[in-house]
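Here the structure is laid out as structure tokens; the discussion comes afterwards.
All values derive from a computational prediction rather than experimental measurement.
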Amino acid sequence: LFAVYKPPGVSWCRVRDAVRARLLRELNEAPEPPPRQRIRFLPTAPGAGGEPGLVPAWVPVLAEHPLVRGPRFRQLKVGAGHRLDVKASGVFVLGVGHGNKLLTDRYHCHLTKVYTVGGLFGKATEDFSDTGKLVEKATFDHITREKLERILAVIQGTNHKALLLHSNIDMKTQEAYELAVNGLIRPMGKSPPIITAIRCLQFALPEFQLEIHCVHETQQYLRKIVHEIGLELKSCAVCTQVRRIRDGVFTLDDALLRTQWNLQSIRNAISDCQLKVREELEKTLGHQDKSVPKMAAEVAHEHHKQSL
């Protein structure tokens, strides 16, 4: 697994395809071992004296020659993690080889993502972004940072109740306490988008910036949150930026820029993040794995009863 930085205005699939094309090109440009050789019996050269015959000789296997075989690598499966829409930017996790299975494991972990979301008070659009069709204008001079933070506290409290509801955990148990201490209380299946934390980073009317921690979100959902905040403050607002700054253990520091989408940088990034990814998966899925031996024993016991 490794992370790249997806710029705004580009679809996630174009980013993935660009990385895959660069990897294939550099893999095929890498030096190859010499072609495999085998023993062939060749006729002796005419005029060499003696009777014509066959002599053993080592010759290259022409079927493995690059001019015959073509490119050494033709396909490379590059999987995409939590996706970003065209307007959003930030950390975008990709997987290659065994990383494709790890992407599936990360999906089942229901990991928290962190975004910085920019907003602008005073107008509303059809798609909640600042580039959409304008549908309304409103005053915003009455809005203060205290009023904004009060609304954010209400949003966080409401979503915290939803988080506990969809976690399917008895909050009076020791297991719930241990999960809460380790920050592992999260939905155990499909759920609506849930905001686990939200705070104001910057406030300078009419602009503001939020930091949002969430699970099962879409970037359009985050834009709608900005719109609803504007309505709650007796005004309106549009979203100016959605930028993912963390996806699980991957942060902006781990995300490769466009100039770093090459074989060597990606190999280094995979190596640097390998231990963090393993620890993340073990920490999150560990409490689920504890039940596996017990389930296996129950299945074996039931099978033994049926055979009797």
Side-chain angles (χ1 to χ4, degrees), residues 1-6 10-83 91-109 248-250 254-282 285 289 292-293 296 299-300 303 307:
L1 294 179
F2 61 99
V4 299
Y5 186 88
K6 185 192 108 46
V10 182
S11 66
W12 66 266
C13 53
R14 286 190 61 187
V15 172
R16 180 200 59 190
D17 292 347
V19 171
R20 178 171 54 200
R22 182 70 180 269
L23 285 175
L24 280 173
R25 186 173 77 247
E26 294 197 11
L27 284 171
N28 286 317
E29 290 175 352
E32 295 187 28
R36 189 165 49 91
Q37 293 191 335
R38 62 181 178 180
I39 294 180
R40 295 289 300 272
F41 288 91
L42 304 178
T44 56
E51 297 182 358
L54 299 176
V55 294
W58 287 99
V59 296
V61 180
L62 295 181
E64 297 182 3
H65 194 281
L67 296 179
V68 177
R69 183 198 64 216
R72 188 180 180 189
F73 298 93
R74 300 185 184 183
Q75 292 185 345
L76 183 66
K77 185 176 180 182
V78 178
H82 300 116
R83 298 169 182 176
V91 179
F92 182 39
V93 179
L94 298 174
V96 62
H98 178 61
N100 289 282
K101 180 183 180 302
L102 297 180
L103 286 175
T104 303
D105 294 338
R106 293 183 86 248
Y107 174 80
H108 293 302
C109 286
V249 296
F250 292 94
D254 303 312
L256 301 177
L257 302 177
R258 179 64 184 267
T259 56
Q260 298 173 304
W261 296 355
N262 55 68
L263 180 60
Q264 187 59 48
S265 296
I266 291 175
R267 288 179 60 184
N268 293 339
I270 292 173
S271 177
D272 293 342
C273 296
Q274 200 166 9
L275 180 59
K276 291 194 297 183
V277 171
R278 188 188 308 124
E279 291 176 347
E280 176 186 57
L281 294 176
E282 290 176 353
L285 299 177
D289 295 339
V292 172
V299 170
H303 179 72
S307 63

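- Remark: Lys276 NZ is packed, more than 12 non-hydrogen atoms of other residues, nucleotides or ligands lying under 6.0 Å away.
- The line from CG of Leu24 to CD of Glu29 is 11.0 Å long, rounded to the nearest 0.5 Å.
- Using a 4.5 Å heavy-atom cutoff, the side chains of Ile270 and Val96 are in contact.
- Contact between Cys109 and Leu281 at its shortest, heavy atoms only, is SG-CD2, 3.7 Å.
- With rounding to the nearest 0.5 Å, the separation of CD in Glu282 from CG in Asp105 is 11.0 Å.
- Note that the CG atom of Asn28 and the CZ atom of Phe73 stand 7.0 Å from one another [nearest 0.5 Å].
- The CZ atom of Arg16 lies 7.5 Å from the CZ atom of Arg83; values are rounded to the nearest 0.5 Å.
- A distance of 6.0 Å separates CG of Leu263 from CZ of Arg267, quoted to the nearest 0.5 Å.
- In plain terms, the two heavy atoms of Phe250 and Val277 that are nearest each other are CZ-CG2, 3.6 Å.
- Between Val249 and Glu279 the shortest side-chain heavy-atom distance does not fall below 4.5 Å.
- Scanning both residues, Ala3 and Val91, for their nearest heavy atoms gives CB-CG1, 4.0 Å.
- Closest non-hydrogen pair, Gln260 versus Ser265, comes out as O-CB, 3.1 Å.
- For the pair His82 and Phe92, the tightest heavy-atom approach, listed with the atom from each and the gap, is O-CD1, 3.6 Å.
- Other residues, nucleotides and ligands contribute only 12 or fewer heavy atoms inside 6.0 Å of the OH atom of Tyr107.
- Taken to the nearest 0.5 Å, the CD1 atom of Ile266 stands 12.5 Å off from the CG atom of Leu1.
- A salt bridge links Glu26 to Arg22: at least one charged side-chain nitrogen sits closer than 4.0 Å to a carboxylate oxygen.
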Could you walk me through whether Val4 and Leu94 satisfy the side-chain contact (heavy atoms from CB on, under 4.5 Å) test, starting with their C-alpha distance in whole Å, then the side-chain angles of each, then the deciding distance to 0.1 Å, before giving a yes or no? CA-CA 8 Å; Val4 299; Leu94 298 174; 4.1 Å; yes

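- A salt bridge is absent between Arg14 and Asp17; no separation between the charged side-chain nitrogens and carboxylate oxygens falls under 4.0 Å.
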Could you go step by step and tell me if Trp58 and Ile39 meet the side-chain contact (heavy atoms from CB on, under 4.5 Å) rule? CA-CA 5 Å; Trp58 287 99; Ile39 294 180; 3.7 Å; yes

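- Closest heavy-atom contact between Leu42 and Ala57: CD1-CB, 3.9 Å.
- You'll find the side chain of Asn100 stays beyond 4.5 Å of the side chain of Thr104, heavy atoms only.
- Under the 4.5 Å side-chain criterion, counting only non-hydrogen atoms from C-beta, Asn268 is not in contact with Phe2.
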